Number of protein chains: 2
Amino acid sequence: MNKERPATPQGAAMPVRADAQRNAARVLAAARRAVASTGLDVSYHEIAREAGVGVGTVYRRYPERDQLMAAVLRDILTELISTAHQALGCDDAWEGFSSLFTDLALYTAQNAGLSGSLDQHGGPAVAQQRHELLDLTRQVIERAQDQGRLRRDLPWKEVLRLTGAPATQGCVLGLEPDPAHGHHLALTVLLDGLRTD
Amino acid sequence: MNKERPATPQGAAMPVRADAQRNAARVLAAARRAVASTGLDVSYHEIAREAGVGVGTVYRRYPERDQLMAAVLRDILTELISTAHQALGCDDAWEGFSSLFTDLALYTAQNAGLSGSLDQHGGPAVAQQRHELLDLTRQVIERAQDQGRLRRDLPWKEVLRLTGAPATQGCVLGLEPDPAHGHHLALTVLLDGLRTD
DNA sequence: TGGAAACGGACAAGGTCTGTCCGTTTGTTC
DNA sequence: GAACAAACGGACAGACCTTGTCCGTTTCCA
């Protein structure tokens, strides 16, 4: 999939060996799993073990920790962006919204280990992707609101923040922590959902 | 407050020195803070620093890690039990429920670090306290349901599980993880709360 | 089949955590 | 206020975990 090495044009000099490509995929997948379960501070050895690969291979691929984290983020964001596109393509605005909301919540829950300090990692490319995802979700939310299917008393960013409610804090999205406020809103909604009268 | 040493009867031989008592309180408070922010694996040094005390003092008080964790849990559970009693004393069943729910959620959020594996720590005394808390919350929930103020389509344990929704998982309460199911319910309620039609 | 790229994992260096020990301080008693 | 014991604090040794490198071996491609 993605490689840190110079991409091979057409029939250039360095074709990138098959095993290298295979391992690159394994390492990235393992890193995602490891980061999700353990957090940003997983050891390289742990990732290597998870990938069934030697440590050297991981270090060779990602000499800097930031590069690895950026790759993980890029991978995740790519998935989410695709999900958001699907949601926006959905005829029913509510259905689109709720499925995206569910996916985001699920994702956030699975990646609780990532919480906080994600802005540090991943350069402008990741920032760009995150921006794209934010913009798409804004559209999905506002469309549902425009059609009267979704409460209008919450600005879209607040709705998005609720995404993190079933887990801890929104981590991929890079929302400001603001735990007091956001947390309170989540509670309000939960209570509204529970109340019968 | 609580001491690991033999309690002094009336005018017995060992009156427990004042500074020891002071430090005991400091250490416990520090441990609560440290465990909440860092997790169950905080180092003794970290706790000592937080308490403004030497490591030796912490080790002297709690030679075994389990003893310390049990003390922290006991402290927390005592607070929550008192909250639950207040909720049960509330005239308005919904008000009682929602305030308890809010407190539990707040607590859970603040102690995300405690997540999981709390049953291991703290012996029968903690288990007894936890049982008491569970029983009280069950009463609060069922009272609100009986009065038709709270959805009846959720068994009380599920309602309780939602408590963990704004954070991660219920940790003090020792509910089974069951993330798939509980998580889904939390989402359903959140979505119900958000939907207008 | 030969040569280069990639691999794996042992290993040294550095850091953190545990748990103890003992000289010093603090509280209590008379 | 003096004497004694309890409690304190923090330096320190040892165990454990991580990082990052290095080099003999394996795998791929031409």
Side-chain angles (χ1 to χ4, degrees), chain A residues 1-31 34-35 37-69 71-72 113 121, chain B residues 1-31 34-35 37-69 71-72 113 121:
Chain A
M1 289 296 140
N2 89 31
K3 351 186 163 55
E4 303 303 304
R5 294 321 198 75
T8 94
Q10 263 76 348
M14 318 226 87
V16 178
R17 277 171 45 172
D19 54 348
Q21 235 168 317
R22 196 168 50 239
N23 281 336
R26 279 191 195 164
V27 167
L28 185 55
V35 165
S37 65
T38 307
L40 288 170
D41 55 345
V42 230
S43 74
Y44 266 45
H45 275 81
E46 173 63 30
I47 293 169
R49 204 176 312 127
E50 177 79 26
V53 134
V55 220
T57 300
V58 183
Y59 275 104
R60 203 174 307 112
R61 197 82 47 196
Y62 304 101
E64 301 290 337
R65 184 166 261 274
D66 275 356
Q67 296 172 6
L68 196 161
M69 294 309 161
V72 167
H121 304 280
Chain B
M1 289 298 139
N2 89 32
K3 352 188 164 55
E4 302 304 303
R5 294 322 197 73
T8 94
Q10 263 78 345
M14 321 225 86
V16 177
R17 276 172 45 169
D19 53 346
Q21 236 168 319
R22 197 169 49 237
N23 281 338
R26 279 191 195 163
V27 168
L28 184 55
V35 165
S37 65
T38 307
L40 287 171
D41 54 346
V42 230
S43 72
Y44 266 46
H45 276 81
E46 174 63 28
I47 293 171
R49 204 177 312 126
E50 178 80 25
V53 134
V55 221
T57 300
V58 182
Y59 274 104
R60 204 172 308 113
R61 197 82 48 196
Y62 304 102
E64 301 290 338
R65 184 166 260 274
D66 275 356
Q67 297 171 5
L68 196 160
M69 293 310 162
V72 167
H121 303 281

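In what follows, chains carry the letters A, B, and so on, assigned in the order in which the sequence lines appear, proteins first and then strands, with residues in each chain numbered from 1. Given the structure is predicted, the values throughout are model-derived calculations rather than measurements.
The distance between atom NE2 of A/His45 and atom C1' of C/dA13, rounded to the nearest whole Å, is 13 Å. When the P atom of D/dT27 is taken as reference, atom CZ of A/Arg26 falls 12 Å away, rounded to whole Å. Distance, A/Tyr62 OH to D/dG20 P: 16 Å, rounded to whole Å. The separation between B/Tyr44 atom OH and D/dG9 atom P is 16 Å, rounded to whole Å. In this structure, the CG atom of B/Asp41 is 13 Å from the P atom of D/dC17, given to the nearest Å. Whole-Å rounding puts the B/Arg65 CZ to C/dC17 C1' distance at 9 Å.
Between the side chain of B/Tyr59 and the backbone N or O of B/Tyr44 there is no donor-acceptor pair closer than 3.5 Å. The backbone N or O of A/Leu40 lies less than 3.5 Å from a partner atom in the side chain of A/Arg65, making a donor-acceptor pair.
Side-chain N/O atoms of A/Asn23 include none lying less than 4.0 angstrom from OP1 or OP2 on C/dA6.
Contacts between residues 46-57 of chain B and DNA chain C, defined by a heavy-atom separation under 4.0 Å, are absent.
Minimum interatomic distance between B/Gln21 and B/Val16 (heavy atoms only, all atoms of both residues): OE1-O, 4.0 Å. In terms of heavy-atom proximity, A/Ala34 sits nearest to A/Val42 at CB-CG1, 3.7 Å. The minimum heavy-atom distance linking A/Arg61 with A/Gln67 is given by the pair O-OE1, 4.2 Å. Closest heavy-atom contact between A/Ile47 and A/Val27: CG2-O, 4.2 Å.
Rounded to the nearest 0.5 angstrom, B/Arg60 CZ and B/Asn23 CG are separated by 9.0 Å.
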Original post:
In B/S/- notation, 5' to 3', how is nucleotides 22-30 of chain C contacted by protein heavy atoms closer than 4.0 Å?
Top reply: ----BSSS-

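Using a 4.0 Å heavy-atom cutoff across all strands shown, A/Tyr59 reaches at least one base atom of the nucleic acid.
Helix bend of the helix from C/dT1-D/dA30 to C/dC30-D/dG1: the angle between its two end axes, each built from five pairs, comes to 30° after rounding to 10°.
Residue pairs meeting the salt bridge (charged side-chain N to carboxylate O under 4.0 Å, His left out) criterion with at least one partner in residues 19-28 of chain B, sequence neighbours excluded, are B/Arg17-B/Asp19.
Taking A/Glu50 as the reference, A/Ala30, A/Arg33, A/Glu46 meet the side-chain contact (heavy atoms from CB on, under 4.5 Å) condition, with sequence neighbours excluded.
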**OP:** Before giving the answer on side-chain contact (heavy atoms from CB on, under 4.5 Å), spell out for A/Val35 and A/Met69 the whole-Å C-alpha distance, their side-chain angles and the decisive distance to 0.1 Å.
**Re:** CA-CA 9 Å; A/Val35 165; A/Met69 294 309 161; 4.0 Å; yes

